[in-house]
Amino acid sequence: MTLPATPKFDVVVVGGGIVGLATAHAVVRSGRSVAVVEREQRLATHQTGNNSNVIHSGLYYAPGGLKARLAVAGCAETVAFCREHDLPHEVTGKLVVATEPEELPRMAELARRGAANGVEAHELDPAGMREREPHVRGIAALYVPSTGICDYRLVAEKIGELVAKEGGEIHLGTSVLRLVRRREDVVVRTDGTDLLAKQVVVCAGLRCDEVARASGADPGIRIIPFRGEYSGFSDRASQLVKGLIYPVPDPAFPFLGVHATRGIDGHVHAGPNAVLALAREGYSWGTIRPKELVQSLAYPGMLRLARQHWRYGLGEVHRSLSKKAMVEQVQRMLPDVRAEDLSPAGAGVRAQAVKPDGSLVDDFLFVEQAGVSGTRGAGSVLHVLNAPSPAATAALPIGREILERLTGERIAPLSAA
């Protein structure tokens, strides 16, 4: 009996979120064969399908970093992609609101970063901000006109359609167990049929560090899952929000704070907070995986992070468990919102890379494993180890960035192709 040949591809992408799909699309556009392997039965199940659906402008990020460069490009490209494929989206602009005097220097730093990154931003006084958002309270604000909203699950699914249409394969319900690098290729071991690839890209989100360690790489970080919970507004409170209203973020953290967003479906929600999830896919307090929780709590980086920022963490937990505490946070910017206006509206889990010293990785992070012959070509693996927000916004340029790292080839943005 002849066994079927193991399927072979130029590139195998592990992970069917928006970053993995955008990478696969860049690969297939370059004329190479590609397969996407996703352990869930549907694309975009985790970070991509459970976020605030904001198209970020690139305002926040340190000039010169990957987030700054790729988010600014991705903002325009996401809008263009949605427009081309008739996907729901809107360029609403947003306000970043300072409610206390001590926030003004941080807001000025945001304006400086925005200017350095090429992001248009206008400083507003209280009268100017109320012209944009009549019910907002604050002492100053930045208005960022390029920010928008969309539905990233639909964007990801459309990219997946394009990958398949252009000859790529998508394997759902298939878990990758480990990667075995050889001189000319990589064996992708799965719980089903193995695949062979000249090169592999791991975009496994909440499981990316696990796949890296199982494949012999030292990721240098641990993924710590932080749950972000959202509160939906009542019909009455929804009338208080026209677009997007953000606080001035704490520069010590990569989280942007509790913000109010009118989504593409017209519903308004506030959030997310940031509490330690009790499982990698812990979307509620009731989802607990003891082994994963112990791994998070015993990690030296998590212990150091908790010692340094325990007050911040307790505040986030308090807002998670207390509607009164959550509404007080919202009322800093929207004083007319009441506790009875809020109701649970789902949650997402952020795959946050934490270093052993307790610091949070603030930029996108790639780690490359050369082939066994020591080259970056055949037999190499690229691990994407930190790609939370604004990775959805930046996904299309991230995909091209990864292709260039794999092959040295640079392809044009879709809007310029």
Is there side-chain contact between [X] and [Y], with heavy atoms separated by less than 4.5 Å?
| X | Y | answer |
| --- | --- | --- |
| R405 | F366 | yes |
| S296 | P225 | yes |
| L240 | V337 | yes |
| P390 | Y61 | yes |
| S146 | E120 | no |
| R289 | E281 | yes |
| E401 | R69 | yes |
| V12 | V34 | no |

Spell out, as yes or no, whether a donor-acceptor pair under 3.5 Å connects the side chain of [X] to the backbone of [Y].
| X | Y | value |
| --- | --- | --- |
| E38 | G16 | yes |
| D209 | I223 | yes |
| S215 | A217 | no |
| Q199 | L406 | yes |
| K323 | L342 | yes |
| Y152 | N50 | no |
| H269 | H267 | no |
| N117 | A68 | no |
| H46 | G205 | no |
| R181 | A370 | yes |

Of all heavy-atom pairs between [X] and [Y], which one has the smallest distance, and what is that distance?
| X | Y | value |
| --- | --- | --- |
| L385 | A212 | CD2-CB, 4.4 Å |
| R304 | P356 | NH1-O, 2.5 Å |
| P247 | H259 | CD-CB, 4.0 Å |
| T45 | Y283 | O-OH, 4.2 Å |
| V28 | E166 | CG2-O, 3.2 Å |
| A156 | L21 | O-CD1, 3.4 Å |

Using a strict threshold of under 4.0 Å (side-chain N to carboxylate O), is an ion pair present between [Y] and [X]?
| X | Y | answer |
| --- | --- | --- |
| E404 | R410 | yes |
| R222 | E210 | no |
| K198 | D185 | no |
| E90 | R262 | no |

Can you establish whether the number of heavy atoms outside [X] located under 6.0 Å from its atom [atom1] is more than 12?
| X | atom1 | answer |
| --- | --- | --- |
| D357 | CG | yes |
| E123 | CD | no |
| R39 | CZ | yes |
| K355 | NZ | no |

> T190 and L177: side-chain contact (heavy atoms from CB on, under 4.5 Å), yes or no, with the steps?
Replying inline: CA-CA 5 Å; T190 80; L177 306 178; 5.6 Å; no
> Between K324 and E328, is a salt bridge (charged side-chain N to carboxylate O under 4.0 Å, His left out) present by the stated rule, with each step listed?
Replying inline: CA-CA 6 Å; K324 179 176 182 292; E328 286 174 353; 2.7 Å; yes
Answer with yes or no whether the side chains of [Y] and [X] bring together a donor and an acceptor at under 3.5 Å.
| X | Y | answer |
| --- | --- | --- |
| H383 | Q369 | yes |
| H318 | E316 | no |
| E161 | H85 | no |
| S30 | E409 | no |

>> Evaluate T92 against K242 for side-chain contact (heavy atoms from CB on, under 4.5 Å), listing each step before the verdict.
In response: CA-CA 9 Å; T92 60; K242 293 174 65 177; over 6 Å; no
> Within 45° of the axis and under 6.0 Å from the centre of the six-membered ring of Y143, does NZ or CZ of R132 qualify?
Replying inline: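 Checked: cation-pi criterion met.
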Under 3.5 Å donor-acceptor pairs involving side-chain atoms of residues 96-107, not counting sequence neighbours:
unit_1: T99; atom_1: OG1; unit_2: E103; atom_2: OE1; d: 3.4
unit_1: T99; atom_1: OG1; unit_2: R332; atom_2: NH2; d: 2.9
unit_1: E103; atom_1: OE1; unit_2: T99; atom_2: N; d: 2.6
unit_1: E103; atom_1: OE1; unit_2: E100; atom_2: N; d: 3.4
unit_1: E103; atom_1: OE2; unit_2: R332; atom_2: NH2; d: 2.9
unit_1: R106; atom_1: NE; unit_2: P249; atom_2: O; d: 3.3
unit_1: R106; atom_1: NH2; unit_2: V248; atom_2: O; d: 3.2
unit_1: R106; atom_1: NH2; unit_2: P249; atom_2: O; d: 3.2

>> Angle between ring planes, Y60 versus H56, binned at 30° and 60°: parallel, tilted or perpendicular?
In response: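 Rings of Y60 and H56: perpendicular, over 60°.
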> Parallel, tilted or perpendicular: which fits the ring planes of F9 and H171, with parallel below 30° and perpendicular above 60°?
Replying inline: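 Geometry flag for H171 against F9: perpendicular rings.
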>> One pair to check against side-chain contact (heavy atoms from CB on, under 4.5 Å): F81 and L87. What are the steps and the verdict?
In response: CA-CA 8 Å; F81 185 87; L87 298 174; 3.9 Å; yes
> Between L142 and L95, does a side-chain contact (heavy atoms from CB on, under 4.5 Å) hold up when you go through it step by step?
Replying inline: CA-CA 6 Å; L142 289 177; L95 287 182; over 6 Å; no
